[in-house]
Novice: 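The structure under discussion is supplied below as structure tokens; questions concerning it will follow.
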Amino acid sequence: CALPILALTGGEPMMSQSAIVEIMDEFKNRNNTPKYITIETNTVSTPRDIFVEKFTNDFDGELFWSCSPKLFLSGEPKNKALRPDNVKAYFDISNKGQLKYVCDGSDRAWNEIEEFTNEFRKLGVDWDVYIMPLGGTKEDQEDIQVNVILEAMKRGFHVSPRVHCLVFGNSIGT
């Protein structure tokens with residue numbers, strides 16, 4: 001019986017591409033390869049040959065990318081966070097995916113979201129955009145969520161809360 005879904009998420013799974021391939025090989029050896037895999041990535045890691053080979057020639061399921069480039073809010077410099085060539089390389093492996101940004105509702109955040117998304121669109125990456133209101137706690141999100149949601153809808157974007165923060169707050173280990 002094949003495992004239906006596998007989600008690989010944080011830290012940053014694309015920093016461990018060889019390990020992902022080894023995990024997939026073990027699933028295959030056990031005749032239990034997932035049908036659906038989601039990889040949550042900040043997009044800074046370029047797909048390596050071993051990874052590309054595995055997911056283009058040796059995987060019959062669906063690979064879904066959840067690409068969450070870091071905006072200025074994270075402290076990540078733009079020249080490190082904006083990696084359109086990597087996102088295009090992910091898209092070339094599997095055209096199933098989404099772009100997902102954490103947003104504080106500021107003009108600067110919205111401008112960066114538009115800039116990043118436009119860079120990906122120029123390369124043919126046409127994935128839907130999801131916006132997550134910034135906030136490590138329920139109260140933090142509630143302070144900005146109405147404005148973020150309304151602006152996201154106005155721009156044609158989807159909205160997704162940061163549920164782990166709503167449920168667990170900003171506690172370590174959740």
Side-chain angles (χ1 to χ4, degrees), residues 1-71 74 76 80-103 112-134 149 152-153 155-168 172-174:
C1 157
L3 178 72
I5 299 170
L6 175 65
L8 302 169
T9 184
E12 174 49 49
M14 289 302 286
M15 289 179 66
S16 303
Q17 294 175 47
S18 296
I20 292 171
V21 169
E22 289 175 20
I23 290 167
M24 294 304 296
D25 287 343
E26 185 59 30
F27 278 127
K28 187 174 183 177
N29 289 340
R30 295 177 183 207
N31 197 27
N32 196 27
T33 304
K35 294 178 184 177
Y36 304 97
I37 297 176
T38 295
I39 297 179
E40 173 85 26
T41 178
N42 63 16
T43 75
V44 299
S45 296
T46 303
R48 295 198 317 264
D49 290 343
I50 188 172
F51 184 91
V52 174
E53 174 69 23
K54 173 59 69 179
F55 284 96
T56 55
N57 297 322
D58 192 33
F59 178 61
D60 293 330
E62 179 180 297
L63 176 60
F64 184 89
W65 295 101
S66 183
C67 293
S68 302
K70 304 299 181 203
L71 302 179
S74 70
E76 192 77 30
K80 193 172 177 192
L82 178 57
R83 304 295 297 270
D85 291 339
N86 286 349
V87 175
K88 173 64 168 134
Y90 301 154
F91 183 85
D92 289 344
I93 296 167
S94 171
N95 65 2
K96 308 277 190 227
Q98 66 185 12
L99 302 170
K100 187 173 61 148
Y101 305 95
V102 175
C103 180
E112 246 183 25
I113 289 167
E114 292 288 348
E115 177 186 356
F116 282 33
T117 302
N118 287 338
E119 289 297 317
F120 304 140
R121 298 281 189 258
K122 286 179 192 174
L123 297 176
V125 178
D126 60 356
W127 294 331
D128 287 344
V129 174
Y130 285 79
I131 305 297
M132 302 176 78
L134 176 69
I149 291 168
M153 290 173 28
R155 293 170 183 257
F157 299 152
H158 304 278
V159 178
S160 175
R162 299 179 73 216
V163 176
H164 62 289
C165 295
L166 294 174
V167 175
F168 299 108
I172 295 174
T174 58

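This chain uses plain numbering: 1 for the first residue, then up along the sequence. Below, all heavy atoms of this structure are taken into account, side chains as well, without hydrogens, waters or symmetry copies.
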Novice: Parallel, tilted or perpendicular: which fits the ring planes of Tyr101 and Phe116, with parallel below 30° and perpendicular above 60°?
Specialist: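 Tyr101 and Phe116: perpendicular rings.
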Novice: Are any side-chain N or O atoms of Thr117 and backbone N or O atoms of Glu114, one a donor and one an acceptor, separated by less than 3.5 Å?
Specialist: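 Checked: no pair found.
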Novice: Within a reach of under 6.0 Å around CG of Asn118, are more than 12 heavy atoms found that belong to other residues, nucleotides or ligands?
Specialist: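 For Asn118, atom CG is crowded (more than 12 foreign heavy atoms under 6.0 Å).
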Novice: Using a 3.5 Å distance criterion without hydrogens, assess whether the side chain of Arg121 forms a donor-acceptor pair with backbone atoms of Val125.
Specialist: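 Side chain of Arg121 to backbone of Val125, a donor-acceptor pair under 3.5 Å: yes, one is there.
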Novice: For Val21, what residues pass the side-chain contact (heavy atoms from CB on, under 4.5 Å) criterion, not counting sequence neighbours?
Specialist: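 If we apply the side-chain contact (heavy atoms from CB on, under 4.5 Å) test to Val21, skipping adjacent residues, the hits are Asp25, Ile50, Lys54.
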Novice: Which distance, rounded to the nearest 0.5 Å, do you find between the CG of Asn32 and the CZ of Phe27?
Specialist: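 Asn32 CG to Phe27 CZ: 6.5 Å, rounded to 0.5 Å.
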Novice: Does the side chain of Lys96 reach to within under 4.5 Å of the side chain of Leu63, using non-hydrogen atoms?
Specialist: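 They are not in contact (no side-chain heavy atoms under 4.5 Å apart), so the answer is no.
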Novice: Any idea which heavy atoms bring Ala152 and His158 closest together, and the distance?
Specialist: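 Scanning both residues completely, I find the closest heavy atoms to be CB-O, 4.4 Å.
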Novice: Considering all heavy atoms of both residues, which atom of Ser160 and which atom of Pro133 are nearest to each other, and what is their separation?
Specialist: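 Minimum heavy-atom separation between Ser160 and Pro133: O-CD, 3.6 Å.
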Novice: Do you know the tightest heavy-atom contact between Glu76 and Ala81?
Specialist: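 The answer is CG-CB, 3.8 Å.
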Novice: From Ile20 CD1 over to Met15 CE, what is the distance, rounded to the nearest 0.5 angstrom?
Specialist: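 Going from the CD1 atom of Ile20 to the CE atom of Met15 covers 11.5 Å.
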Novice: Find the distance between CD1 (Ile5) and OG1 (Thr38) and round it off to the nearest 0.5 Å.
Specialist: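 The CD1 atom of Ile5 sits 7.5 Å away from the OG1 atom of Thr38.
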Novice: Considering residues at least two apart in sequence or located in another chain, which fulfil the ring-ring contact (aromatic ring centres under 6.0 Å, His included) criterion with Phe157?
Specialist: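 Result, ring-ring contact (aromatic ring centres under 6.0 Å, His included) vs Phe157: none returned.
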Novice: Taking only residues two or more places apart in sequence, or in another chain, which ones meet Lys88 in a side-chain hydrogen bond (donor to acceptor under 3.5 Å, both in side chains)?
Specialist: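 Asp92.
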Novice: Do Asp85 and Leu123 have side-chain heavy atoms sitting under 4.5 Å apart?
Specialist: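 Side chain of Asp85 against side chain of Leu123, heavy atoms only: contact under 4.5 Å found.
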Novice: With a cut-off of 6.0 Å (strictly less than), are more than 12 heavy atoms of other residues, nucleotides or ligands near CG of Asn57?
Specialist: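 Result for CG/Asn57: enclosed.
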Novice: Can you tell me which residue pairs pass the salt bridge (charged side-chain N to carboxylate O under 4.0 Å, His left out) test with a partner in residues 36-45, sequence neighbours excluded?
Specialist: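 Counting only pairs at least two positions apart or across chains, the salt bridge (charged side-chain N to carboxylate O under 4.0 Å, His left out) contacts touching residues 36-45 are Glu40-Lys100.
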Novice: Below 30° counts as parallel, above 60° as perpendicular, anything between as tilted: where do the rings of Phe55 and Phe59 land?
Specialist: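 Aromatic pair Phe55/Phe59 classed perpendicular.
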Novice: Is it the case that the side chain of Glu112 and the backbone of Lys70 share a donor-acceptor pair, with hydrogens and angles ignored and the cut-off at 3.5 Å?
Specialist: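 Side chain of Glu112 to backbone of Lys70, a donor-acceptor pair under 3.5 Å: no, none is there.
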Novice: How long is the straight-line distance from CG of Asn31 back to CG of Asn29, given to the nearest 0.5 Å?
Specialist: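 Going from the CG atom of Asn29 to the CG atom of Asn31 covers 10.0 Å.
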Novice: Of all residues at least two apart in sequence or in a different chain, which pass the side-chain hydrogen bond (donor to acceptor under 3.5 Å, both in side chains) check with Glu119?
Specialist: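 Testing Glu119 for side-chain hydrogen bond (donor to acceptor under 3.5 Å, both in side chains), a comparison that skips the adjacent residues, returns Lys122.
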Novice: Which residues satisfy the ring-ring contact (aromatic ring centres under 6.0 Å, His included) test with Phe64, sequence neighbours excluded?
Specialist: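 With sequence neighbours excluded, Phe64 shows a ring-ring contact (aromatic ring centres under 6.0 Å, His included) to no residue whatsoever.
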Novice: When rounded to the nearest 0.5 angstrom, what distance separates SG in Cys67 from CZ in Arg83?
Specialist: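 So the gap between those two atoms works out to 12.5 Å.
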Novice: Does the side chain of Asp58 reach to within under 4.5 Å of the side chain of Met24, using non-hydrogen atoms?
Specialist: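 Of all side-chain heavy-atom pairs linking Met24 with Asp58, none is under 4.5 Å.
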Novice: Between Asn86 (side chain only) and Val44 (backbone N and O only), is there a donor and an acceptor less than 3.5 Å apart?
Specialist: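 Pair found, side chain donor or acceptor close to backbone of Val44.
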Novice: Determine the sole option in Val102, Ile113, Leu99 for which the side-chain contact (heavy atoms from CB on, under 4.5 Å) test with Ile131 is passed.
Specialist: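 Exactly one pass, corresponding to Ile113.
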Novice: Name the residue from Trp127, Trp65, Phe120 that meets the ring-ring contact (aromatic ring centres under 6.0 Å, His included) definition with Phe91.
Specialist: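 Per the ring-ring contact (aromatic ring centres under 6.0 Å, His included) rule, the option paired with Phe91 is Trp127, out of Trp127, Trp65, Phe120.
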Novice: Could you state the interatomic distance from CG (Leu8) to CD (Gln17), rounded to the nearest 0.5 Å?
Specialist: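 One gets 11.5 Å once the value is rounded to the nearest 0.5 Å.
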